[in-house]
Amino acid sequence: MPADTEATPPAPGDLEQSRRDKLARIEALGLDPWGQRFDGHRPIAEVRQLDAPPPGASEPGPPVRVAGRIMLRRDMGRVHFLQIRDWTGPIQVMIGKKQVGETGWELANLLDLGDLIGVDGTVGHTRTGERTVFATGLTILGKSLLPPPEKWHGLSDIELRSRQRYVDLFTNPESMEAFLGRSKILAAFRRVLAERGYVEVEGPTMQTIAGGAAARPFVTHHNALDLKLYLRIALELHLKRLLVGGMEKVYELGRVFRNEGISRKHNPEFTMLEAYEAYGDYHSMMELTEALILGAIDALDGQRVRSWDGNTVDFTPPWPRRTYASLFEEYVGVGMHDFEAVRERAVERGISVLDKDDVVIVAELFEQVVEPNLIGPVFVVDYPAPLCPLTKRKRGHPDVAERFELFVHGVELANAYTELNDPLLQEELFRKQLQGQRAEDSMAVLDEDFLRALKHAMPPAGGLGIGMDRLCMLLLDRHHIRDVILFPLLRPDHC
RNA sequence: GCCUCCCUAGCUCAAUUGGCAGAGCAGCUGACUCUUAAUCAGCGGGUUGAAGGUUCGAGUCCUUCGGGGGGCACCA
């Protein structure tokens, strides 16, 4: 490398320089400012539960070791009070000059907000009744060279919170709580599925045909094979191949990618659960859906009556099942098969009816008129068959597909079918979908291998998809998908 | 992609009609062994997102660009 291309590091600002000076002084004490393995520290939430002597007690409380980040610092001269926090919560630490030894006291005077420290001490209470670790030893575990956000307001700028999630997490406890909640929801899902005998698998995220949904895919390229590849937009078609292979209860919980707009309900990559049960149908999937979501609720706090965006939803099972047709009639006011009346209603609502199939108009009316009313949770069942190319038709009712969607607060949370396993009908439906579709719409590419798999006979099955990000929003009372995705897609900034 | 609003110190926010860029927290110096967003005294900190324009004078008005928020569109 030519020397003149080497970037000279920017001069640190005053705030950073002062911390670098302290870093050097900590090293001069013979301490490693970046710390080492620190065994035996206990979660702070646990320390808060320990039996400890009351304020003013003469005998010391039980010895403990904790580790965390300094969030508040009150320097009273020969005694310092710190509030440190780990991912379970905060606790106060009292550092007395006489109690921590000479080096410990010198270290205490070099600590800043944001530093990571380990504390050995005893648990007790101060005179004002605050639970406190009275330090007998201090260990520096990581010197923070940058100042943390303001101690009272934290980091509030929504952009900075997403870009610097590491800062958001350690300054805003509600953010940490949301992401730990998300983890609990995912773990609960896996536990419920495992208890029911499902196996977790991993399909390809890079595919030569991105099928299973209608969405614009991301495109990439494999150099060695000189192959155009798409990031998957759904999990469906590969999981069904596994049903053919004999995996009877199978699921994948993973990322899918859709090259479309970003909104409070949409991120280009999001997490989906898809589960398939051989010899089941959409009724078995409704029961599974209830079990999964109730399992997640129990893992969080067990509250079945939950608020979201100021409204209340009651998740006590069983959740109502309502047919698409009956909801349509109730809210639109006409029968969905009375196409003349349907068109009139559509025109009244400003929906264009030119060159549209009757069923497309029905679907648009349903979306606009019915869905906002579905506070739920409610299973909408039995969809118009033309909307459901991957779904088995109801026996004796070829115009009805055995499909349900679960709605809560007007948001589609889950989508499930009795899976279509007739390869001849499947091929016919695929070809019908092809007509008039944009070339980039993935359904417009026939997946011949999937049809070949079906020809080997796929068992009749129930299949379920759940948008995990939206479920997290709902159960954690967050109103932006960015609040439940750790690193949402953003344009690069110039930092 | 379209409409609209926003971007001021590390963070949270002010700045009247276009008229000297400010505060709190954080930082630095000092005091204090029971504080609770500790307190008290003093000190430093800015290319107002970037570039250009109008003007005697621009954080403020105009243009372009960058980033973001909200809405719409796209999204079985």
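Below, chain A is the first sequence line, B the second, and so on; all start at residue 1. Heavy-atom basis, side chains included; hydrogens, waters and symmetry copies ignored.
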query: Can you tell me how far C1' of B/rG44 sits from CD of A/Gln17, to the nearest Å?
result: 15 Å
statement: Closest of B/rG24, B/rC75, B/rU35 to the A/Arg74 side chain is B/rU35
message: In whole Å, I'd like the distance from the CG atom of A/Leu113 to the P atom of B/rA37.
response: 14 Å
- request: Report the distance from atom CD of A/Gln92 to atom P of B/rA37, rounded to the nearest whole Å.
  value: 10 Å
field: Distance in angstrom units between A/Lys265 NZ and B/rG71 C1', rounded
entry: 13 Å
query: A/Pro147 versus A/Arg19: any side-chain heavy-atom pair under 4.5 Å?
result: yes
task: Could you tell me whether the side chain of A/Glu130 has a donor or acceptor atom within less than 3.5 Å of a complementary atom in the base of B/rU35?
output: no
message: Counting the atoms with a prime plus P, OP1 and OP2 as sugar-phosphate, which does A/Leu146 contact under 4.0 Å by heavy atoms, base, sugar-phosphate, or nothing?
response: nothing
task: Give the ring-plane orientation class for A/Tyr383 versus A/Tyr324, where under 30° counts as parallel, over 60° as perpendicular and anything between as tilted.
output: tilted
task: Would you mind telling me which of B/rC11, B/rC74, B/rU33 lies closest to the side-chain atoms of A/Leu160?
output: B/rC11
Flag for A/Asp21-A/Gln17: side-chain donor and acceptor within less than 3.5 Å: yes
task: Give a yes/no answer on whether the side chain of A/Arg216 brings an N or O atom under 4.0 Å of OP1 or OP2 in B/rC75.
output: no
Phosphate-side-chain proximity, A/Lys97 and B/rC34, N/O vs OP1/OP2 below 4.0 Å: no
message: What's the gap between B/rG59 and B/rA21 when it is taken at their P atoms, as a whole Å value?
response: 8 Å
query: Rounded to whole angstrom units, what separation is found between the CG atom of A/Leu72 and the P atom of B/rU39?
result: 11 Å
query: Which nucleotide sits closest to the side chain of A/Pro149: B/rC11, B/rA76, B/rC34?
result: B/rC11
task: Name the nucleic acid region contacted by A/Glu159, choosing base, sugar-phosphate or nothing; use a 4.0 angstrom heavy-atom cut-off, strictly under.
output: sugar-phosphate
- prompt: Does A/His80 place a side-chain N or O at less than 4.0 Å from the phosphate oxygens OP1/OP2 of B/rA38?
  reply: no
task: Answer whether the closest heavy-atom distance between the side chains of A/Pro488 and A/Arg165 falls below 4.5 Å.
output: yes
- prompt: Which of these nucleotides, B/rC34, B/rG67, B/rA38, is closest to any side-chain atom of A/Lys151?
  reply: B/rA38
message: What contact category does A/His125 fall into here, base, sugar-phosphate, or nothing, at under 4.0 angstrom with non-hydrogen atoms?
response: nothing
field: Rounded interatomic separation in angstrom, taking CD from A/Glu367 and C1' from B/rA73
entry: 13 Å
- request: Have a look at A/Arg131 and say if it touches a base, only the backbone sugar-phosphate, or nothing, with a 4.0 Å heavy-atom cut-off.
  value: nothing
- request: Return the 5'-most residue of the pair A/Arg127, A/Pro148 with respect to RNA chain B, ranking by each residue's nearest nucleotide.
  value: A/Pro148
message: A side-chain contact here means heavy atoms from C-beta on lying under 4.5 Å apart; do A/Tyr251 and A/Leu253 qualify?
response: yes
- prompt: Is A/Ser18 near enough to B/rG27 that one of its side-chain N or O atoms lies under 4.0 angstrom from OP1 or OP2?
  reply: no
field: Residue whose closest nucleotide on RNA chain B lies nearer the 5' end, A/Leu489 versus A/Asn415
entry: A/Leu489
query: NA contact type, A/Leu15, heavy-atom cut-off 4.0 Å: base, sugar-phosphate, or nothing?
result: base
field: Selected nucleotide, minimal atom distance to A/Val79 side chain, candidates B/rU33, B/rG68, B/rA76
entry: B/rU33
message: Classify A/Thr126 by what it touches in the nucleic acid, base, sugar-phosphate, or nothing, heavy-atom distance under 4.0 Å.
response: base
- request: Using the six-membered ring wherever Trp is involved, compare the ring planes of A/His337 and A/Phe339 and label them parallel, tilted or perpendicular (cut-offs 30° and 60°).
  value: perpendicular
- line: Side-chain atoms of A/Glu150 come closest, of B/rC11, B/rC75, B/rU35, to B/rC11
query: Among A/Asp483, A/Asp168, A/Thr171, which residue meets the side chain to side chain donor-acceptor pair (under 3.5 Å) test with A/Arg161?
result: A/Asp168
message: Please determine whether any donor N or O and acceptor N or O are separated by less than 3.5 Å between the side chain of A/His266 and the base of B/rC75.
response: yes
task: Measure from CD1 on A/Ile361 to C1' on B/rA76 and round the result to the nearest Å.
output: 16 Å
task: Report which part of the nucleic acid A/Asp75 touches: base, sugar-phosphate, or nothing (heavy-atom distance under 4.0 Å, all strands).
output: base
- prompt: Using a cut-off of 4.0 Å on non-hydrogen atoms, how would the nucleic acid contact of A/Lys22 be classed: base, sugar-phosphate, or nothing?
  reply: sugar-phosphate
message: For a quick test of reading the model: is some side-chain N or O of A/Arg491 closer than 4.0 Å to OP1 or OP2 of B/rG67?
response: yes
- request: Mind calculating the distance between CD (A/Glu16) and C1' (B/rA9) to the nearest angstrom?
  value: 16 Å
- request: Check whether any side-chain N or O of A/Ser156 sits under 4.0 Å from OP1 or OP2 of B/rU12, and answer yes or no.
  value: yes
message: Side chain of A/Glu260 only, heavy atoms from C-beta on: which candidate in B/rU35, B/rC75, B/rG68 is closest?
response: B/rC75
query: Which listed nucleotide (B/rG71, B/rC28, B/rU33) is nearest to the side chain of A/Arg264?
result: B/rG71
field: Nucleotide nearest A/Arg73 (side chain, heavy atoms from C-beta), chosen from B/rG68, B/rU33, B/rG27
entry: B/rG27
message: How about CD on A/Glu102, more than 12 heavy atoms from neighbouring residues, nucleotides or ligands closer than 6.0 Å, or not?
response: no
